[in-house]
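The block underneath contains the structure these notes are about, expressed in structure tokens.
FYI, the numbering just counts along the sequence from 1.
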Amino acid sequence: MGKVYIIGIGPGSEEYITPEAWGAIQDAEVIIGSERILSAFKLDKRSITLKGNYSEIIDYIKGYKDSERIAVLVSGDPGIFSFSNQISKRLNRDEYEIIPGISVVQIAMARLGEPWHDLHIISLHGRGIDGIYHSVQSSDKVFVFTDKKNTPSEVAAYLYKRGIKNREIVVFENLTLFDEKIIYTDIMDLMNKRDDVTGLCVMLIRK
């Protein structure tokens, strides 16, 4: 019985891809990933773009995993808000293998020189922003995966409107890439930076 390999490729830079992940990528015949990931790798292999067509991709995996060596590339670590969650629900446990990667959470907290065992971690990717209010209200430290719609500035504005104003914020932009930027700010200041934070971002909100 064949299996699909779900590979974490780290936060962005090739330097943070593990040797095991590189080996599995090189061995694959078919690569599945987002447009951004596929354009970054430029491998001489057949590729399939993951762009909201999750059910269709899983059907393909189920149909061809026995005849093709398939690798699904996900950013960061597959265990944190990734496509692996949907794959694992539709495939049997012996039909897939997860190769872990370095998560953006690890990189961000390492940049701060702080542990992260006490973080409350949430994602706004494809989700509404409303859930973040209760997380920030009830937790001392909240790590947020933002997206193009729910940007750090939009998150700050939303929290301010809901009455949360006294929080320190650290925005991490394009971590591990050549234009990496770390911004230390607060809710009031971040609300006015709508045009200043435009890259791939995550953020830490803390009391």
Side-chain angles (χ1 to χ4, degrees), residues 5-26 31-43 50 71-85 97-127 129 132 135-136 139-156 167-187 189-190 193 196-207:
Y5 293 82
I6 308 169
I7 304 171
I9 62 166
S13 171
E14 291 185 0
E15 296 177 353
Y16 288 87
I17 301 177
T18 68
E20 182 183 13
W22 266 125
I25 292 169
Q26 295 299 327
I31 299 292
I32 298 173
S34 68
E35 186 174 354
R36 178 179 66 84
I37 289 175
L38 294 178
S39 63
F41 275 80
K42 296 182 175 65
L43 296 169
L50 182 62
V72 179
L73 309 187
V74 298
S75 60
D77 181 81
I80 302 180
F81 303 116
S82 86
F83 187 35
S84 67
N85 181 48
E97 180 176 329
I98 294 177
I99 299 178
I102 298 173
S103 72
V104 69
V105 184
Q106 291 172 275
I107 296 294
M109 298 311 293
R111 292 289 192 267
L112 296 182
E114 299 179 12
W116 53 282
H117 60 275
D118 55 346
L119 286 185
H120 179 72
I121 304 172
I122 62 174
S123 174
L124 301 179
H125 287 209
R127 300 171 173 84
I129 197 173
I132 195 173
S135 296
V136 173
S139 303
D140 290 341
K141 293 194 292 185
V142 180
F143 193 92
V144 185
F145 287 77
T146 62
D147 62 15
K148 292 181 179 180
K149 179 181 179 181
N150 300 306
T151 65
S153 296
E154 292 299 324
V155 170
R167 294 294 189 278
E168 176 188 9
I169 295 178
V170 186
V171 177
F172 305 88
E173 183 177 359
N174 297 331
L175 278 174
T176 75
L177 301 178
F178 72 95
D179 54 349
E180 173 179 303
K181 185 189 301 182
I182 300 177
I183 303 170
Y184 295 84
T185 182
D186 56 36
I187 287 179
D189 184 53
L190 186 56
K193 293 184 179 294
D196 297 341
V197 183
T198 58
L200 299 171
C201 294
V202 291
M203 59 193 297
L204 174 67
I205 305 172
R206 59 187 176 186
K207 292 183 179 178

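Taking the side-chain hydrogen bond (donor to acceptor under 3.5 Å, both in side chains) definition, one finds that T185 meets it with D189, sequence neighbours left out. Every residue meeting the side-chain contact (heavy atoms from CB on, under 4.5 Å) condition with A21, not counting sequence neighbours, appears here in chain and number order: I7, I17, T18, I99. Not counting sequence neighbours, Y184 has no partner by the ring-ring contact (aromatic ring centres under 6.0 Å, His included) test. Residues passing the salt bridge (Lys or Arg N to Asp or Glu O under 4.0 Å) test with E114 are R206, sequence neighbours excluded. Applying the salt bridge (Lys or Arg N to Asp or Glu O under 4.0 Å) test to D118 and every residue at least two apart in sequence or in another chain returns K141. K148 is linked by a side-chain contact (heavy atoms from CB on, under 4.5 Å) to nothing, counting only residues two or more places apart in sequence or in another chain. With sequence neighbours excluded, no residue forms a ring-ring contact (aromatic ring centres under 6.0 Å, His included) with W116. Listed by chain and number, the residues in a side-chain hydrogen bond (donor to acceptor under 3.5 Å, both in side chains) with S82 are S84 (sequence neighbours excluded). A search for side-chain contact (heavy atoms from CB on, under 4.5 Å) contacts involving S123 returns F81, H125, R127, F145, not counting sequence neighbours. Taking D140 as the reference, K207 meet the salt bridge (Lys or Arg N to Asp or Glu O under 4.0 Å) condition, with sequence neighbours excluded. Judged as a side-chain contact (heavy atoms from CB on, under 4.5 Å), and not counting sequence neighbours, the contacts of R36 are S34, S75, L200.
No side-chain N or O of T151 forms a donor-acceptor pair with one of E154 less than 3.5 Å apart.
Between Y16 and W22, the distance separating the two ring centers is not shorter than 6.0 angstrom.
Here the side chains of V74 and I9 are not in contact, with every heavy-atom distance at 4.5 Å or above.
A pairwise comparison of heavy atoms in F172 and A108 identifies CE2-O, 3.6 Å as the closest pair. Minimum interatomic distance between V171 and C201 (heavy atoms only, all atoms of both residues): CG1-SG, 4.2 Å. The heavy-atom pair separating L190 from S153 by the smallest distance is O-OG, 3.2 Å.
A distance of 14.0 Å separates CD1 of I32 from OH of Y5, quoted to the nearest 0.5 Å.
Sequence neighbours left out, not one pair with a member in residues 10-22 passes salt bridge (charged side-chain N to carboxylate O under 4.0 Å, His left out).
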Test I132 against I205 for side-chain contact (heavy atoms from CB on, under 4.5 Å), laying out the working first. CA-CA 11 Å; I132 195 173; I205 305 172; 4.3 Å; yes

